[in-house]
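In what follows, a structure is listed as structure tokens, so that the remarks can point back to it.
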Amino acid sequence: MDIKTINYSKIDEVVHCYEHKSGLKAFVIPKKGYSKKYATFATHYGSINNEFTIDGENTRVPDGIAHFLEHKLFEQKDGSVMDKFSKLGSSPNAYTSFSQTVYLFSCTDRFDENFDLLLDYVQNPYITEESVEKEKGIIGQEIRMYDDNANWKVFFNLLDAFYEKNPVKIDIAGSIESISKINKDFLYKCYNTFYHPSNMVILVVGDVDHKEVFSKVEKAINVTDKQPDIKRVFPDEPLSINKDYVEYKLAIAMPVFQMGFKDSGFTTKGIECLNREIAVKILLEMILGRSSNLYTKLYNEGLINNTFDFDYSIEENYAFSAFGGESKDPLKVKEFIVDEIKDLYNRGISKDDFERIKKSMRGRFIKQLNSVERVSHMFMSVYFKHVNLFDYIEVYDNISFEYLENVFNEHFVVDNLALSVVKPI
Amino acid sequence: MNNEIFSDSHLEEVASFKGIKLFWIKTQKFKTNSINIFFHDNLSRDRASKNALLPAVLRRGSKEFPSIRDISNYLEELYGTSFDCGVTKKGENQIIQFYIEYISDKYANSDVDLTKKAFDFLIKIITEPLLENGAFIDEYVKQEIKKLSELISSRVNDKMHYAVERCLEEMCSEEPFGIYDYGNLEDLKSINKDNLFEHYIEFIETLPMYVFISGDLKPNQIEYIKDSLIKLKRGKEIEILKNEKETVVNNVKDIIERFDVSQGKLSLGFRTNIYPKQEDYYKLLVYNSVLGGGIHSKLFQNVREKEGLAYYAFSRLEKFKGLMVISSGIEILNRDRAIDVIKNQLDEIKRGNITDYEYDAAIKSIETGIKSLKDSQLQLVDFYLSQFIATTNDKPDAIIEKVKSVSKEDIIEIASKIILDTVYFITNKEKGE
């Protein structure tokens with residue numbers, strides 16, 4: 001068995017990797033002394049993949065199907081696989097994001113049996129029409145729950161403001177209407193297209209023996225046929241924003257808002273993708289963080305409170321920054337931000353701020369490595385971009401002020417700024 | 001070989017003086033160290049709002065770091081040290097927490113003693129606030145009253161938590177536990193820089209303090225912290241009351257709150273009248289796990305999996321107050337059906353219908369939960385703090401053993417002690433409202 005080991009001595013971390021003959025890659029990140037063992041089996045398939053072509057044939061599937069499939073995979077011929085995990089005292093879970101579906105469990109004992117279960121059920125779907133119908137009730141309530149959730153709504157409305165066609169704007173779970181069209185055949189079609197081992201990855205984080213993990217993977221993966229050629233189809237998206245303002249109403253006490261810049265002209269794979277992510281995040285911290293002038297102004301004016309936060313996402317075919325929280329007057333917040341950005345174009349960004357914030361974010365990154373869950377989630381969020389989680393440390397150590405200035409000019413373009421507000425009814 | 005679960009994260013009591021207890025959780029596996037300082041008060045209407053406001057004002061500035069900007073700049077310089085504070089309630093205790101977490105010296109590429117810097121910062125935030133004419137800064141107090149009022153009003157934004165908290169509050173509307181830990185709008189109006197400062201002096205001198213240091217530290221660093229704490233000006237500490245009385249339910253309260261919502265939120269509040277010091281408590285833990293403590297539970301299996309009524313349905317204990325709450329998000333029209341299904345699960349346990357699967361998985365999931373605590377410094381601290389509040393001082397291994405010794409008969413016996421007190425429902429507005 002060919003195992004590669006990479007040492008990250010700056011942060012005392014190690015990654016072991018192994019590639020199965022099917023094309024599946026498996027990774028182990030040892031965490032000595034931890035009780036929890038956290039295993040993940042993920043596919044590069046998420047809510048945005050609602051149209052694809054296999055061997056020349058084009059298919060459009062109902063919105064929300066990747067998430068629906070995630071729910072249905074837990075069902076097995078002899079009952080729910082969740083019960084089997086539960087019997088072992090472990091917690092199984094799964095989540096669907098825009099570009100991936102992730103199956104996982106966390107356990108403290110009997111790792112081997114748990115891991116066997118994970119490898120088995122993700123490879124063996126058992127879907128019946130009857131169970132599909134029942135699931136529509138449960139997912140329907142999940143959708144309703146999000147319908148009343150102002151933070152969720154305000155975020156998806158921001159995506160709607162950014163994008164005219166990009167499927168990232170569609171709710172991950174779909175709608176009550178779209179899931180009503182989901183059936184067994186659609187689910188199997190998506191499964192057979194996107195759950196080929198070569199499109200998937202396995203990760204174990206915890207105090208485990210990596211050789212044993214890999215030999216289990218070697219035995220458990222039985223697919224050797226070649227993956228058909230999948231083409232993920234995405235509509236052409238204009239570079240400019242779709243709308244600059246979206247408003248919605250819900251039963252809340254105080255308005256919530258999200259605003260941000262739609263990004264374009266970015267690289268989506270490799271270390272350059274991390275460079276850009278960190279550059280924008282440093283800039284956001286410099287411009288809007290608690291140590292910034294703007295934050296103090298907004299805070300003292302009573303325009304923001306402790307819910308104020310910001311982030312940047314960069315994926316296969318979209319990238320954007322988003323910042324927001326509760327505010328009595330989101331339009332006023334936007335005015336302040338626009339003024340600050342314009343002023344920064346004249347004044348220039350500060351090199352001292354850059355050095356200090358880079359150091360700070362590097363420290364916060366190291367802090368996150370304390371948690372096996374965080375390590376797993378962060379690993380997955382960058383894996384399909386062909387980078388390794390621990391590469392972040394090199395990004396922090398090498399990013400330059402000149403690069404940051406370039407990214408500032410590219411990203412913080414006022415014409416690309418959109419605002420989404422949810423107001424009280 | 002030491003087989004104890006927490007052998008690598010032992011709690012050591014370093015010192016106890018002037019109503020201050022200092023603990024050290026010795027552990028080497030984390031890349032950060034943390035310091036937590038807790039002040040304990042009795043939850044009461046006339047102090048809750050002031051206790052909630054106080055940390056918010058203190059984190060606005062100290063003598064050394066007079067503004068949010070100065071504080072943030074400094075923490076960023078200290079390699080992204082995290083600092084926060086806030087309030088919470090455990091039973092009828094209101095707890096005011098100050099927290100700081102910083103990377104281990106070896107990742108800092110310099111020879112600064114980060115522990116000393118972090119502790120000095122934190123203790124000065126608490127004991128050397130920015131003052132003007134012998135009181136807090138008027139502007140800071142006014143702004144933070146406004147922000148806290150916003151926080152209180154915005155509770156409704158998150159209906160899932162709101163439905164749980166409001167159910168418990170309605171249940172205990174005549175008891176201190178019914179007080180919201182962040183205070184209330186009316187009381188906030190009467191607070192100003194002077195009376196808050198008066199409260200602060202009493203707070204800092206008389207509330208019992210628990211200090212937890214966690215991480216890979218040197219003995220001289222611990223000594224430094226101890227010596228600094230000894231110098232604090234302290235008076236006679238107040239007594240923290242323990243209220244573990246038996247509450248009788250005469251009739252079930254039925255509470256409805258209306259909002260423009262698309263999903264109904266149903267919460268059922270129960271009295272267990274069982275407290276952590278009692279032997280019954282471990283039986284209650286297993287009972288709760290069987291009923292609604294995970295995917296193996298009756299609520300998940302029936303309300304969600306079998307009936308398809310909900311995406312989530314769980315039960316949770318408020319262990320310090322002898323309460324249990326069940327909560328679920330459902331189609332508004334399904335309210336009565338959901339209540340029937342839920343009540344039927346409680347009855348099933350009473351009737352002794354507990355499968356081996358439910359029983360085994362319930363115990364194992366508690367065991368996994370306890371073993372998992374030691375992977376997080378914050379959870380470790382919270383675990384030990386809770387032990388002190390409940391005065392149980394149980395070790396994790398002992399809890400696991402006690403839980404394992406609970407039988408099905410024990411669970412059935414507990415079922416008869418769980419009394420429904422309040423049914424709380426968030427529903428949509430009626431036409432014309």
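Letters A, B, ... mirror the listed sequences (proteins, then strands); counts begin at 1.
- Each of A/Arg356, A/Lys358, A/Lys359 was scored for a salt bridge (Lys or Arg N to Asp or Glu O under 4.0 Å) with B/Glu77, with one residue passing: A/Lys359.
- None of B/His296, B/Gln301, B/Glu358 except one satisfies the side-chain contact (heavy atoms from CB on, under 4.5 Å) rule with A/Asp83; the exception is B/Gln301.
- For B/Gln377, the part lying near chain A is the side chain, with the backbone staying farther off; criterion is any non-hydrogen pair under 4.5 Å.
- For B/Ser104, no part lies near chain A; criterion is any non-hydrogen pair under 4.5 Å.
- A/Asn305 pairs with exactly one of B/Lys146, B/Glu150, B/Lys147 by the side-chain hydrogen bond (donor to acceptor under 3.5 Å, both in side chains) rule, that one being B/Glu150.
- To the nearest 0.5 Å, atom OG of residue B/Ser154 and atom CE of residue A/Met254 are 5.5 Å apart.
- Residue contact with chain A, scored on non-hydrogen atoms closer than 4.5 Å, is absent for B/Tyr74.
- Residue contact with chain A, scored on non-hydrogen atoms closer than 4.5 Å, involves the side chain of B/Glu144 exclusively.
- In this structure the side chain of B/Val261 never reaches within 4.5 angstrom of the side chain of A/Arg144, judged on heavy atoms.
- Within the cation-pi definition used here (under 6.0 Å to the ring centroid, within 45° of the axis), B/Lys29 qualifies as a partner of A/Tyr34.
- Across B/Arg155, B/Glu139, B/Gln263, the residue that shares the most heavy-atom pairs under 4.5 angstrom with chain A is B/Gln263.
- Looking at B/Asp360, there are no atoms closer than 4.5 Å to chain A (heavy atoms on both sides), in backbone or side chain.
- Although no hydrogens or angles enter the test, the distance criterion places a donor-acceptor pair under 3.5 Å between the side chain of B/Arg69 and the main chain of A/Ser291.
- Interface residue B/Ile103: only side-chain heavy atoms are found under 4.5 Å from chain A.
- Contact annotation: the side chain of A/Leu88 never approaches that of B/Lys364 to less than 4.5 Å [non-hydrogen atoms, C-beta and beyond].
- Side chain of A/Asn370 to main chain of B/Lys31: a donor-acceptor pair is present (N/O by atom type, distance under 3.5 Å, no hydrogens or angles).
- Remark: B/Leu378 CG to A/Ser371 OG distance equals 11.5 Å, nearest 0.5 Å.
- Interatomic distance, B/Lys374 NZ to A/Ser35 OG, rounded to the nearest 0.5 Å: 4.0 Å.
- Only the backbone of B/Ile330 comes within contact range of chain A, judged by heavy atoms closer than 4.5 Å.
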- So A/Ile138 and B/Glu305, side chain to side chain contact (heavy atoms under 4.5 Å, CB included) or not? Walk me through it. CA-CA 8 Å; A/Ile138 297 172; B/Glu305 292 298 296; 4.1 Å; yes
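- There is no side-chain donor-acceptor pair under 3.5 Å between B/Tyr311 and A/Gln141.
- Residue A/Arg374 holds its CZ atom at 13.5 Å from OG of B/Ser376, rounded to the nearest 0.5 Å.
- With a 4.5 Å cut-off on side-chain heavy atoms, B/Arg59 and A/Asn306 count as touching.
- To the nearest 0.5 Å, atoms CG (B/Asn157) and CG (A/Asn149) are separated by 9.0 Å.
- The contact between B/Leu309 and chain A is made entirely by backbone atoms, counting heavy-atom distances below 4.5 Å.
- A 4.5 Å side-chain heavy-atom check between A/Lys36 and B/Thr368 finds every atom pair outside the cut-off.
- For the pair A/Glu285/B/Glu76, a side-chain contact is recorded, criterion being any heavy-atom separation below 4.5 Å from C-beta on.
- Put simply, the side chain of B/Tyr357 reaches to within 4.5 Å of the side chain of A/Ser86, judged on heavy atoms.
- Cation-pi geometry between A/Lys367 and B/Tyr102 is not satisfied (NZ or CZ under 6.0 Å from the ring centre, within 45° of the ring normal).
- Checked for salt-bridge contact, B/Lys371 and A/Asp109 meet the test: a charged N lies under 4.0 Å from a carboxylate O.
- Contact check for A/Thr296 versus B/Ser67: no side-chain heavy atoms found under the 4.5 Å cut-off.
- In terms of modelled atom types and a separation under 3.5 Å, the side chain of A/Asp148 and the main chain of B/Ser262 share a donor-acceptor contact.
- Side-chain contact between A/Lys134 and B/Lys306: absent, with no pair of heavy atoms (C-beta onward) separated by less than 4.5 Å.
- One finds a salt bridge joining A/Asp12 and B/Lys106 here, because a Lys/Arg side-chain nitrogen approaches an Asp/Glu carboxylate oxygen to under 4.0 Å.
- Your options are A/Cys107, A/Pro424, A/Ala253, and the one with the most heavy-atom pairs under 4.5 Å with chain B is A/Ala253.
- Looking at B/Tyr312, the atoms closer than 4.5 Å to chain A (heavy atoms on both sides) all sit in the side chain, from C-beta outward.
- Heavy atoms of B/Gln143 lying under 4.5 Å from chain A belong exclusively to its side chain.
- Taken to the nearest 0.5 Å, the CD1 atom of B/Ile68 stands 5.5 Å off from the OH atom of A/Tyr295.
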